[in-house]
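First the structure, in the form of structure tokens, and then the observations on it.
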Amino acid sequence: MWAYEKRLQYPVNIKKKDIRMAKFLVTQYGGSNGEMAAALRYLNQRYTMPDNRGKALLTDIGTEELAHIEMISTMIYQLVKDASVEELLEAGLGSHYAEHNRALYPTDANGVPFTVAYFATTGDPLADLSEDMAAEQKARAVYENLIDLTDDPDVIAPLLWLRQREIVHYQRFKELFEYYQNNLPQPRNKK
Amino acid sequence: MNNFNFEEFTYEDMMPFNNVTLPNMDMLQNPSDNQMNSSNMQTANLATPNQAYVQGNLFNNLYQGYKNYRPFPLVARNEQEQAFLNYSQLAFAAHEVNLYLDNYPNDRSMIRLYNDYRVATLEAQRAYEQKYGPITVMSDTLNNFPWLWQEQNFPWDEGGM
């Protein structure tokens with residue numbers, strides 16, 4: 001089970017409205033390489049990891065990704081909360097307003113709703129961990145794209161921080177991948 | 001306004017992050033070592049909890065900057081922010097060691113470090129909650145009237161943490 005902590009893992013305090021940036025940033029909420037996809041991917045894959053080492057790592061990183069969903073959501077919320085309908089229209093979020101007003105909705109930057117088709121589960125730990133490593137690298141790349149799209153330090157600071165987490169998670173998944181590669185009996189994915 | 005205030009930012013500030021020790025990837029490239037006894041190398045490359053929290057990475061040898069950005073210093077503007085920062089950075093350091101230990105469960109010195117951070121985190125959490133209100137619903141401070149859980153703003157709202 002999970003217990004909530006009423007705090008962000010890293011502080012977010014955006015003072016300047018930026019609707020266009022919110023429109024881009026939403027991809028790390030509900031896009032294919034976003035935090036929601038990451039959390040669900042790891043928390044869904046963990047059941048069939050071959051030992052408690054893998055179950056622990058996927059649980060603990062998956063849990064951290066839930067906290068990242070909250071950080072990204074907070075950023076999007078703060079970027080648009082004071083926007084007028086006209087401003088939302090100008091930024092291309094008229095259709096978002098029609099469906100959701102200023103509420104959050106997990107989509108990618110093109111407005112395509114979140115889907116679990118963004119991740120896989122094969123039951124093979126090496127295949128699943130390879131996907132997880134790729135997911136961390138793709139999320140890192142998207143964070144870099146997003147950093148390039150803004151000059152607001154209140155936005156850049158948490159994006160740099162989240163980007164760094166992708167690097168650490170990638171490393172941990174890679175270590176686990178190599179451990180399984182060297183230690184699992186053949187056929188390596190059979191329990 | 002209880003959130004952290006990032007230090008005044010200018011583009012001149014965006015210098016390469018120079019607080020990083022050189023990568024030492026030896027143990028990471030030898031995962032076939034089942035014991036994974038890497039404690040000496042790891043502890044030598046660890047950031048302080050504050051530095052780790054600011055850069056988002058406890059392991060200096062894993063740190064990779066982006067372009068010429070460097071991590072933004074977090075400056076507490078009052079006692080509450082300082083208490084909160086103290087808690088958050090210790091919790092982060094403990095979490096980083098936790099992820100490491102998932103892969104290297106036989107690293108005695110890192111287990112010791114985890115427990116140092118764990119105990120310090122719990123103390124910092126209790127200290128924060130006693131003064132400023134509950135972070136979790138298991139907080140001792142909820143033995144109060146009225147119900148304190150809604151007292152502090154939620155993290156996405158102004159004044160929230």
Side-chain angles (χ1 to χ4, degrees), chain A residues 3-13 15 52-61 63-64 70-71 73-78 81 140 143-144 147-148 151-154 156-183, chain B residues 1 3-9 11 13 28-34 36 53-59 62-67 69-72 74 81 84-85 87-88 91-92 95-96 98-105 125 133-138 149 152-158 160-161:
Chain A
Y4 183 64
E5 282 193 38
K6 194 175 168 182
R7 65 172 184 114
L8 297 179
Q9 195 189 10
Y10 177 90
V12 173
N13 180 24
K15 297 172 278 289
N52 284 347
R53 186 178 295 224
K55 287 168 196 172
L57 189 69
L58 267 74
T59 299
D60 292 340
I61 293 182
T63 298
E64 184 181 349
E70 191 181 31
M71 280 180 64
S73 304
T74 295
M75 294 177 77
I76 296 162
Y77 171 73
Q78 292 182 354
K81 70 177 163 52
R140 176 192 54 73
Y143 276 123
E144 291 170 6
I147 290 165
D148 292 344
D151 56 7
D152 183 349
D154 289 345
I156 293 173
L159 291 180
L160 282 173
W161 196 88
L162 287 165
R163 171 188 171 277
Q164 196 63 220
R165 300 308 297 146
E166 310 296 337
I167 291 165
V168 174
H169 292 169
Y170 170 79
Q171 178 65 33
R172 297 293 167 241
F173 284 138
K174 181 164 166 282
E175 288 161 6
L176 184 65
F177 177 90
E178 286 167 353
Y179 173 79
Y180 283 155
Q181 200 168 40
N182 290 313
N183 292 284
Chain B
M1 284 291 287
N3 272 4
F4 297 120
N5 188 24
F6 294 115
E7 272 189 346
E8 190 70 19
F9 173 91
Y11 280 93
D13 284 336
L28 300 171
Q29 284 161 1
N30 288 306
S32 55
D33 173 10
N34 284 349
M36 295 189 175
Y53 191 54
V54 163
Q55 70 189 17
N57 192 337
L58 178 71
F59 301 85
L62 297 180
Y63 181 85
Q64 292 170 28
Y66 179 57
K67 291 188 171 170
Y69 290 100
R70 62 177 183 178
F72 288 68
L74 290 166
E81 287 183 0
F84 186 80
L85 180 60
Y87 167 61
S88 284
F92 179 74
H95 171 68
E96 278 280 80
N98 169 11
L99 296 186
Y100 170 89
L101 285 170
D102 287 348
N103 281 346
Y104 304 98
Q125 180 181 355
I135 292 174
T136 77
V137 286
M138 296 305 283
W149 185 236
Q152 294 266 320
N153 274 348
F154 276 82
W156 51 91
D157 285 326
E158 198 164 311
M161 287 295 186

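Keep in mind that the numbers below use all heavy atoms, side chains included, and drop hydrogens, waters and symmetry copies. Numbered from 1 within each chain, the chains take letters A, B, ... in sequence-line order. From a predicted model like this one, the values you see are computed outputs, not experimental measurements.
- A/Gln181 does not touch chain B: none of its heavy atoms, backbone or side chain, sits under 4.5 Å away.
- A cation-pi geometry, defined here as NZ or CZ lying under 6.0 Å from the six-membered ring centre and within 45° of its normal, holds between A/Arg53 and A/Tyr179.
- Contacts of A/Leu57 with chain B are made by both backbone and side-chain atoms, with heavy-atom separations under 4.5 Å.
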Quiz item: Should B/Phe59 and B/Tyr100 be marked as a ring pair (Phe, Tyr, Trp, His ring centres under 6.0 Å) after you check the CA-CA gap, both sets of side-chain angles, and the distance that decides it?
Solution: CA-CA 10 Å; B/Phe59 301 85; B/Tyr100 170 89; 5.7 Å; yes

Self-check item: side-chain contact (heavy atoms from CB on, under 4.5 Å) between A/Arg7 and B/Tyr87, worked out
Solution: CA-CA 11 Å; A/Arg7 65 172 184 114; B/Tyr87 167 61; 3.3 Å; yes

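- At a 4.5 Å heavy-atom cutoff, the contact between B/Phe92 and chain A is made by side-chain atoms alone.
- With a threshold of 4.5 angstrom between heavy atoms, A/Ile147 approaches chain B through its backbone and through its side chain.
- Closest heavy-atom contact between A/Val168 and B/Glu96: CG1-OE1, 3.4 Å.
- Contacts of A/Leu160 with chain B are made by side-chain atoms alone, with heavy-atom separations under 4.5 Å and no backbone atom involved.
- Side-chain contact annotation: A/Glu70 with A/Tyr4, donor-acceptor N/O pair under 3.5 Å present.
- With respect to chain B, the highest number of heavy-atom pairs below 4.5 Å among A/Glu64, A/Met71, A/Arg163 belongs to A/Arg163.
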